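Accompanying notes for the structure given below.
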Amino acid sequence: MPRRPEATIDKQKTVFFTDLVKPKTLIVLMGPTGVGKTDYSIALAQQLGSPIISCDSRQIYKELNIGVARPTPEQLNAVPHYFIATHSVQDYYSVGKYEQEVLALLDDLFAQHDTLLMVGGSGLYIDAVCFGIDDVPEVDEELRATLTQRMIIEGVDTLSQELKLLDPDYYNEVDIKNPARVLRALEVCIAAGKPFSKIRRNSPKNRNFEVRFIVLNRDREELYNRINLRVNQMMEQGLLEEAKSMLPYRHLNALKTVGYRELFDHFDGKCTLDEAVELIKRNSRRYAKRQLTWFGRYEGAEWREVGS
RNA sequence: GGUGCCAUAGCUCAGUUGGUAGAGCAAAGGACUGAAAAUCCUUGUGUCCCUCGUUCGAUUCGUGGUGGCACCA
């Protein structure tokens, strides 16, 4: 199933741009964690004369550095970067906000550039920028908290039965064993007073730029070796201390992140430090695999193999 | 050198009263619309160390090897 294949510029806008200005292109460079996106993107950005718009749901936080493999100060100075260390873990953030902020930025930057480079591994964020995300009413915290509580106590099955009543269409589509998905659908149904499936149109929004996808990949074994090695390096750089300093925020979404939660478990005495480090490696590997699955659905993407 | 124990999936091991095998972990594949580095679904992985023998049939029993561990010299 191709990901949003019909997402091309609408005819009128194409005419408008070819008449007055050159068409604008957003190059989206993506790849699994640890492939080597950072180095590659800096070289590519310099070649294109473009800044880098980061599309990374974790590097966006200023409190997270070592554990999210933030580019070094030298790398950040080599090319202007956006959306790196710009937000706080303490502030609520979401794909929707990211979409808005990036689109506003693109409007500005395209005035100076014909080609812009976006780089990152957060698939949902890439989708939001390239194809848009439906407008869903705000859900207040209390409702979410109540439903989360009920999810824990009553289990997914009870809540998915409730979803079946409120939104039979979505119930038939959704993975009813997935608490996150059931909970979201349910909270939107309740907050909006209408079925989630009526809100989630899943139709691409028009964008006034073209998109080109590049997926960076490398031999699986080599990728995993790099991930394992990088985790060791993170530990040498002081990931343990960084995680310790994040303990007060461990309940926040931003800290539900590979590299931190495993160390939190260690602090709780649930595992030894060595075990925690091994788990960070494993979970990073699994994350990389999930990313590759996601990227595999971008129709027309150019896959570039890198490596020795 | 002698004696004993062990050798089965990538790893740790279970098992077959003789009918070619299964757990955990690792791994592989997939899903994905405001938590997305999140959350969830599916799936195996095999010269059962080698040799010869007994047997209709040996991974299973026996002989002899090889390797590992332990104890004794």
Side-chain angles (χ1 to χ4, degrees), chain A residues 1 3-4 7 30-34 37 54-61 64 66-70 89 91-101 120-141 144-145 147-148 151 156 160 170 173-185 187-188 191-192 196-205 220-221 223-224 227-228 230-231 234 243 249-263 275 278-298:
Chain A
M1 200 200 306
R3 179 167 291 269
R4 318 287 179 86
M30 64 193 101
T33 190
K37 286 192 293 295
S54 172
C55 188
D56 187 305
S57 70
R58 291 302 187 265
Q59 288 181 2
I60 203 169
Y61 295 114
L64 308 183
I66 299 167
V68 298
R70 184 149 97 204
V89 295
D91 299 327
Y92 177 76
Y93 201 67
S94 69
V95 217
K97 291 193 180 191
Y98 180 77
E99 180 196 12
Q100 288 171 9
E101 291 172 7
S122 300
L124 185 63
Y125 283 36
I126 293 172
D127 266 23
V129 170
C130 300
F131 311 115
I133 196 159
D134 293 305
D135 295 316
V136 175
E138 288 273 321
V139 175
D140 69 72
E141 277 179 46
R144 176 169 287 194
L147 289 173
T148 307
M151 185 65 81
V156 224
S160 42
Y170 192 65
E173 259 180 70
V174 77
D175 175 4
I176 54 166
K177 286 184 181 170
N178 189 329
R181 216 127 286 151
V182 170
L183 192 130
R184 165 106 266 246
E187 71 178 12
V188 172
F196 183 47
S197 54
K198 293 278 183 288
I199 296 163
R200 198 187 72 120
R201 303 306 313 159
N202 206 7
S203 59
K205 292 179 183 171
R220 187 66 64 89
E221 195 182 333
L223 176 67
Y224 284 2
I227 288 172
N228 296 341
R230 193 171 71 168
V231 173
M234 286 174 176
Y249 308 119
R250 61 183 295 180
H251 59 284
L252 298 170
N253 291 326
L255 271 303
K256 288 182 180 164
T257 301
V258 176
Y260 298 89
R261 25 156 68 176
E262 295 86 353
L263 289 173
E275 284 165 349
E278 283 312 303
L279 285 171
I280 294 173
K281 291 175 184 173
R282 185 199 68 182
N283 292 338
S284 299
R285 277 181 250 133
R286 290 181 174 175
Y287 170 51
K289 218 180 92 55
R290 268 179 275 133
Q291 287 178 298
L292 285 167
T293 300
W294 183 289
F295 302 148
R297 293 174 60 198
Y298 288 108

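First the proteins, then the strands, lettered A, B, ... as listed; each starts at 1. None of these values were measured; they are calculated from a predicted model.
One atom, NZ of A/Lys177, and another, P of B/C41, lie 7 Å apart when rounded to the nearest Å. Here B/U42 presents its P atom at 12 Å from CG of A/Asn178, a figure rounded to the nearest Å. Rounded to an integer number of Å, the gap from CG of A/Leu252 to P of B/G34 is 19 Å. To the nearest angstrom, C1' of B/A35 lies 17 Å from OH of A/Tyr98. Note: CD (A/Glu138) to C1' (B/A35) measures 14 Å, nearest angstrom. In this structure, CG of A/Asn253 is placed 4 Å from C1' of B/A35, rounded to the nearest angstrom.
The phosphate of B/U39 (OP1 or OP2) has no side-chain N or O of A/Arg184 nearer than 4.0 angstrom. Under 4.0 angstrom from either OP1 or OP2 of B/A38 there lies no side-chain N or O belonging to A/Tyr287. At B/G30, one or more side-chain N or O atoms of A/Thr293 fall inside 4.0 Å of OP1 or OP2 (strictly under the cut-off). The side chain of A/Arg220 contributes an N or O atom lying less than 4.0 Å from OP1 or OP2 of B/A28. Within the structure, every side-chain polar atom (N or O) of A/Arg181 is placed at least 4.0 Å from both OP1 and OP2 of B/A31. The side chain of A/Arg290 contributes no N or O atom lying less than 4.0 Å from OP1 or OP2 of B/A36. A/Tyr224 has a side-chain polar atom (N or O) that falls below the 4.0 Å cut-off from OP1 or OP2 of B/A28.
Nearest-nucleotide mapping onto RNA chain B: of A/Arg58 and A/Tyr170, the residue sitting toward the 5' end is A/Tyr170.
Using the six-membered ring where Trp is involved, A/Tyr61 and A/Tyr93 have ring planes that are perpendicular, over 60° apart on the 30 and 60° scheme.
Counting any heavy atom pair closer than 4.0 Å across all strands shown, A/Leu183 reaches a base atom. Note on A/Tyr260: nothing from the nucleic acid sits closer than 4.0 angstrom, heavy atoms only.
Looking at the side chain of A/Pro179, the nearest of the listed nucleotides B/G34, B/U39, B/A36 is B/U39. Checked against B/A27, B/A31, B/A35, the side chain of A/Tyr92 finds its nearest nucleotide in B/A35. The side chain of A/Ser94 sits closest to B/G34 out of B/A35, B/G34, B/G29.
Here A/Lys281 pairs with A/Glu278 in a salt bridge; the nearest charged N to carboxylate O distance falls below 4.0 Å.
Not a single donor-acceptor contact under 3.5 angstrom links the side-chain atoms of A/Arg261 to the base of B/A38.
The glycosidic torsion of B/G34 lies within 90° of 0, which places this base in the syn conformation.
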